[in-house]
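Since the structure comes first, as structure tokens, the remarks are kept for the end.
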Amino acid sequence: MSEIRFDGRVAVVTGAGGGLGREYALLLASRGCKVVVNDLGGAVDGTGAGTTAAEKVVQEIKDAGGEAVPNFDSVADWEGAQNIIKTAIDNYGKIDILINNAGILRDKSFLKMELEDYEKVIAVHLNGTFYCSKAAWPYMRENNYGRIVSAASAAGVYGNFGQANYGAAKMGIIGLMHVLKQEGAKYNIKANVIVPIAGTRMTATVLPPNLVEILKPEYVAPMVVWACSDRCEFSGYTFVAGAGYFSRTAFMEGPGVFFDPSQGITLEMIDENIDKIVSLEGARTFENATEQTGYALSKLNLG
Ligand code: NAI
């Protein structure tokens, strides 16, 4: 099997000063990609800022013979996001790959969560992903090439206690990528999602030390970097990776039941058929919203 290379490609990795983002940047650079290493350099809760984190990763890449430049802007700021992408354009003339990875945590039970904890987490994860993707989009469209991989989380896909803000932001990102899949299709822009499982400073406080060791970020990076390669023809996919486990998660819709609306639909009909309505046996995904609506209408004679 031929080696997967990124020679001539340019990537932006947000939040690449540590944890997962650093691994993505190192792997891309080791395969010939020029990388913008973005990191605001703050604490896990999003407070503070600094240049050291991004600078260190750039140095690591250079020491290994790769090419990289740092950027210290916040993804949560529209001007900042534009500047992150501009760093790629100014230094390397284009952007082929965007990994929306920057993230913070402000966990609290829903009852105790302050609006500020919600707004900050939405700002970094959801707005940051929207802003960076939007800033990169015209360049990718123009070049007829783009690979976007955005970080979601099992906390959104399946739910996690104390992460109402984070779960909402992460599912928003999946919705955004589903739409970018549609709008990017004509321009060879693939928009996918990663649900990582890794021991990083973000998870170190909740995971036991032996699990942090098993869940190395470097075990996630090959999936993400593959999705950034021209080998990836998938779009709108949500990949799962951690501890050597790789999979795909998706919204599935069961075959459901069809009633004739002209005969009237009652509460009791729902009640009598609820097991069939909720069954996921024979479930499938849909390519887009139109296809799903088409299925809902498929038993009707629309003349
Ligand atoms: P991390 O805390 O090690 O890395 C996140 C990086 O983002 C930090 O270096 C931080 O400085 C940077 N950052 C924060 N706000 C920023 C901003 N406004 N602009 C630019 N950079 C900013 O955490 P980790 O674990 O590496 O997380 C990476 C991504 O993966 C995050 O989006 C996280 O939500 C997601 N994730 C991680 C999981 C895990 O198991 N570690 C599980 C599910 C999702």
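Hydrogens, waters and symmetry mates play no part in the numbers below; they use all other heavy atoms, side chains included. Please read these numbers as outputs of a predicted model, since none were measured by experiment. Both counts, for ligands and for their atoms, begin at 1 and track the order of listing.
- Under a hydrophobic clustering in which Ile, Leu, Val, Met, Phe, Trp and Tyr are joined whenever their side-chain heavy atoms come within less than 4.5 Å, directly or via other members, F72 and I85 fall into different clusters.
- Comparing heavy-atom distances from atom 4 (O) of ligand 1 across G18, A76, A53, G17 singles out G18 as nearest.
- Heavy-atom distances between T203 and ligand 1 reach below 4.0 Å in at least one pair.
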inquiry  = Between I122 and K120, does the side-chain contact (heavy atoms from CB on, under 4.5 Å) criterion hold? Intermediate values first, please.
reply    = CA-CA 6 Å; I122 293 285; K120 286 262 186 236; over 6 Å; no
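- Cation-pi geometry between R141 and Y187 is met: under 6.0 angstrom from the ring centre, within 45 degrees of the axis.
- R9 forms a cation-pi arrangement with Y145, by the criterion of a distance under 6.0 Å to the ring centre and an angle within 45° of the ring axis.
- For the residues G48, A204, S74, A123, the heavy atom positioned nearest atom 18 (N) of ligand 1 is part of S74.
- Taking atom 20 (C) of ligand 1 as the reference point, the nearest protein heavy-atom neighbour is N38 OD1, 3.3 Å.
- Note on ligand 1: T14 sits outside its first shell, no heavy atom being nearer than 4.0 Å.
- Between N101 and ligand 1, at least one pair of N/O atoms sits closer than 3.5 Å.
- Minimum heavy-atom separation, A198 to T203: O-OG1, 2.6 Å.
- Because its NZ or CZ atom is both nearer than 6.0 Å to the ring centre of Y237 and within 45° of the ring axis, R248 counts as a cation-pi partner of that residue.
- Residue contacts with ligand 1: V124 is placed with no nitrogen or oxygen under 3.5 Å of a nitrogen or oxygen of the ligand (distance criterion only).
- Of the protein's non-hydrogen atoms, D39 OD1, 2.5 Å is the one closest to atom 11 (O) of ligand 1.
- Across A241, G103, C132, heavy-atom proximity to atom 14 (C) of ligand 1 is greatest for G103.
- The protein heavy-atom contact nearest to atom 35 (C) of ligand 1 is Y166 OH, 3.8 Å.
- Every heavy atom of R22 sits 4.0 Å or more from the atoms of ligand 1.
- The A198 neighbourhood of ligand 1 comprises atoms 39 (C), 40 (O), 41 (N), with distances under 4.0 Å to a heavy atom of that residue.
- Every heavy atom of P217 sits 4.0 Å or more from the atoms of ligand 1.
- Relative to atom 10 (C) of ligand 1, the option among R201, K120, M202 with the closest non-hydrogen atom is R201.
- Residue contacts with ligand 1 do not include G46, since none of its heavy atoms lies under 4.0 Å from the ligand.
- Between F234 and W226, the angle of the ring planes lies from 30° to 60°, which puts this pair in the tilted group.
- Contact annotation: for V75 versus ligand 1, heavy atoms closer than 4.0 Å belong to both the backbone and the side chain.
- Numbered from 1 in the order shown, with element, the atoms of ligand 1 that lie under 4.0 Å from a heavy atom of A152 read 43 (C), 44 (C).
- Taking distance alone, with nitrogen or oxygen atoms compared against 3.5 Å, L20 approaches ligand 1 more closely than that limit.
- Near S153, meaning under 4.0 Å from one of its heavy atoms, ligand 1 places the atoms 43 (C), 44 (C).
- Comparing P196, A151, S150, A169 against atom 43 (C) of ligand 1, the shortest heavy-atom distance belongs to P196.
- Of all the heavy atoms of L40, the ones lying under 4.0 Å from any atom of ligand 1 are found in both the backbone and the side chain.
- Residue contact check: G19 has heavy atoms under 4.0 Å from atoms 3 (O), 26 (O) of ligand 1.
- The two residues Y219 and G244 have their closest heavy-atom pair at CB-N, 4.1 Å.
- Contacts of D73 with ligand 1, taken as heavy-atom pairs under 4.0 Å, involve the backbone alone.
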